[in-house]
2 protein chains.
Amino acid sequence: MPLYTASSLKAELNSKGWRLTPQRETILHVFQNLPRGNHLSAEELYNVLHKRGEQISLSTIYRTVKLMARMGILRELELAEGHKHYELNHPYPHHHHHLVCVQCNRTIEFRNDTILKQGVKQVDKMGLELIDCQLTIHTICPEALRRGWPAMLPSNWACSRAIAQTEELEEDLSEN
Amino acid sequence: MPLYTASSLKAELNSKGWRLTPQRETILHVFQNLPRGNHLSAEELYNVLHKRGEQISLSTIYRTVKLMARMGILRELELAEGHKHYELNHPYPHHHHHLVCVQCNRTIEFRNDTILKQGVKQVDKMGLELIDCQLTIHTICPEALRRGWPAMLPSNWACSRAIAQTEELEEDLSEN
DNA sequence: TTAAGTGCAAAAGTTTTGCACCAAG
DNA sequence: CTTGGTGCAAAACTTTTGCACTTAA
């Protein structure tokens, strides 16, 4: 059971005065059939479509993914590669976050329900609605380290301190 | 007491074979004197510097902020405005996250120690080091709503479901 | 001294837009 | 029919790079 069928997508669009077009339907299908963990840039989506023989222009792709991201259907990911990536905005049990190597841009997904809960709590507190909520962790992956990127983070780095102090905090609260 | 002095910055740089230049020092100063909650794009930083009479080229600015972000001194923010913003990467008690309106790009900062703790836990589990950890929440702000952006999110949206299910989960765990 | 950094101008990319035509509701 | 959507080509931007010249260590 996909998150959206053509008709539920149509209903969503029409309710805002927008239209369901074959292009939009096709693009949604691509994302729905994308193996979990994959995400596409506009250009990649364009290529996937062309391989399938679908002729959708790059402009339309850009317009569509942006619209769908604003609707909450797609998630816009900034994985530090100079362009945005998109993926289906999966509901709770499949919601996930990303870890990115600042050196080589390698990306790893992870799930963490506590974070989603905190996001929900935050918007609730402000009376807003959640469209998306993503934690991005920047790190240096083992490969990059091996290739010579700073063997150690400096001792007085903001984030080193953050770690130290947070660990203390964690002990104090003796949580989980 | 700033996070970095010229000499601690120099030490950090030198330890990796890099150099402290007047440009790098000046750029760090700008960020250290930026009122909390502000962040600058490369272009904005360029303008700030020029108003002060500092002649630093855009290329150098791009090179410097990227270097400092990879070192963990600055944080690279993607606030959906088509270009990156930078701010000092503050340690724990001042660490914060962002809430962004998908419609008007208005940004609101918030603090949440639980999220930072989860980020630390995640990298620890994988044996990595944390450089930055930022939750970005996408939402529609009240102003945008008032200006006519979808009065309600659709009932079957991924994120609506995420909220519902997470709230149940929250009750189940009866946490905090 | 010598390897790294800077500035400039040009290049490379991604994303947006104007406009004429097409099509969904 | 009317208004929104698409495709194309051009434009707009942000970010990166090659290269000659400086300069920190």
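Throughout, protein chains are lettered first and strands after them, A, B, ... in sequence-line order, and every chain is numbered starting at 1.
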Over how many whole Å does the gap from A/His83 atom NE2 to D/dT16 atom C1' extend?
15 Å
B/Gln23, nearest nucleotide to its side chain (from C/dT6, C/dA24, D/dA24):
C/dT6
Distance alone, cut at 3.5 Å: any donor-acceptor contact between the side chains of A/Gln134 and A/Asp132?
yes
Taken to the nearest whole Å, NZ/A/Lys66 to P/D/dT6 is 15 Å
Nearest-nucleotide comparison on DNA chain C, the residue closer to the 5′ end among A/Pro22 and A/Glu43
A/Glu43
With the side chain defined as heavy atoms from C-beta on, A/Trp18 is closest, among C/dT14, C/dG5, D/dG5, to D/dG5
Could you check how far CG of A/Leu77 sits from C1' of C/dT14, rounded to whole Å?
17 Å
Tell me whether the OP1 or OP2 atom of C/dA4 has a side-chain N or O from B/Lys16 closer than 4.0 Å.
no
Ignoring hydrogens and angles, tell me if any N or O in the side chain of A/Glu44 forms a donor-acceptor pair with the backbone of A/Ser41 under 3.5 Å.
yes
Distance, rounded to the nearest Å, where B/Leu45 contributes CG and C/dT6 contributes P
13 Å
Rounded interatomic separation in angstrom, taking OH from B/Tyr46 and P from D/dT14
14 Å
For residues 50-63 of chain B, which residues have at least one heavy atom under 4.0 Å from DNA chain C?
B/Gln55, B/Ile56, B/Ser57, B/Ser59, B/Thr60, B/Arg63
Given C/dG25, D/dA24, D/dT15, the nucleotide with the shortest approach to the side chain of B/Arg19:
D/dA24
Kindly say if B/Lys10 contacts the phosphate of D/dA25, meaning a side-chain N or O under 4.0 Å from OP1 or OP2.
yes
Taken to the nearest whole Å, CG/A/Leu67 to C1'/D/dG4 is 12 Å
State which of D/dT6, D/dT3, C/dT6 makes the closest approach to the side chain of A/Thr64.
D/dT6
Can you check whether B/Pro93's main-chain N or O pairs, donor with acceptor, with B/Arg111's side chain at less than 3.5 Å?
yes
5′-ward residue of the pair B/Lys84/B/Thr21 relative to DNA chain D
B/Lys84
Output field: ring centroids B/His96/B/His98 closer than 6.0 Å:
yes
B/Gln32 and B/Tyr4: side chain donor to acceptor below 3.5 Å
no
At less than 4.0 Å, is any side-chain N or O atom of B/Asn14 found next to OP1 or OP2 of D/dA25? Yes or no.
yes
Would you find a donor on one side and an acceptor on the other, under 3.5 Å apart, between the side chain of B/Thr60 and the backbone of B/Ile56?
no
Do B/Asn105 and B/Glu81 meet the criterion of a side-chain donor-acceptor pair at a distance under 3.5 Å?
no
State whether the side chain of B/Arg24 and the backbone N or O of B/Arg19 hold a donor-acceptor pair below 3.5 Å, judged by distance alone.
yes
Determine yes or no for a side-chain-to-main-chain donor-acceptor pair under 3.5 angstrom, with A/Thr26 supplying the side chain and A/Pro22 the backbone.
yes
Against the side chain of A/Arg24, the closest entry in D/dT6, D/dT14, D/dT16 is D/dT6
Whole angstroms only, please: what is the CD-C1' distance between B/Glu12 and D/dA24?
18 Å
Report for the helix from C/dT1-D/dA25 to C/dG25-D/dC1: angle between first-end and last-end helix axes, five pairs each, rounded to 10 degrees.
50°
To the nearest Å, how far apart are B/Leu49 CG and C/dG7 P?
10 Å
Using the side chain to side chain donor-acceptor pair (under 3.5 Å) rule, pick out the option among A/His85, A/Glu87, A/Lys84 that qualifies with A/His39.
A/His85
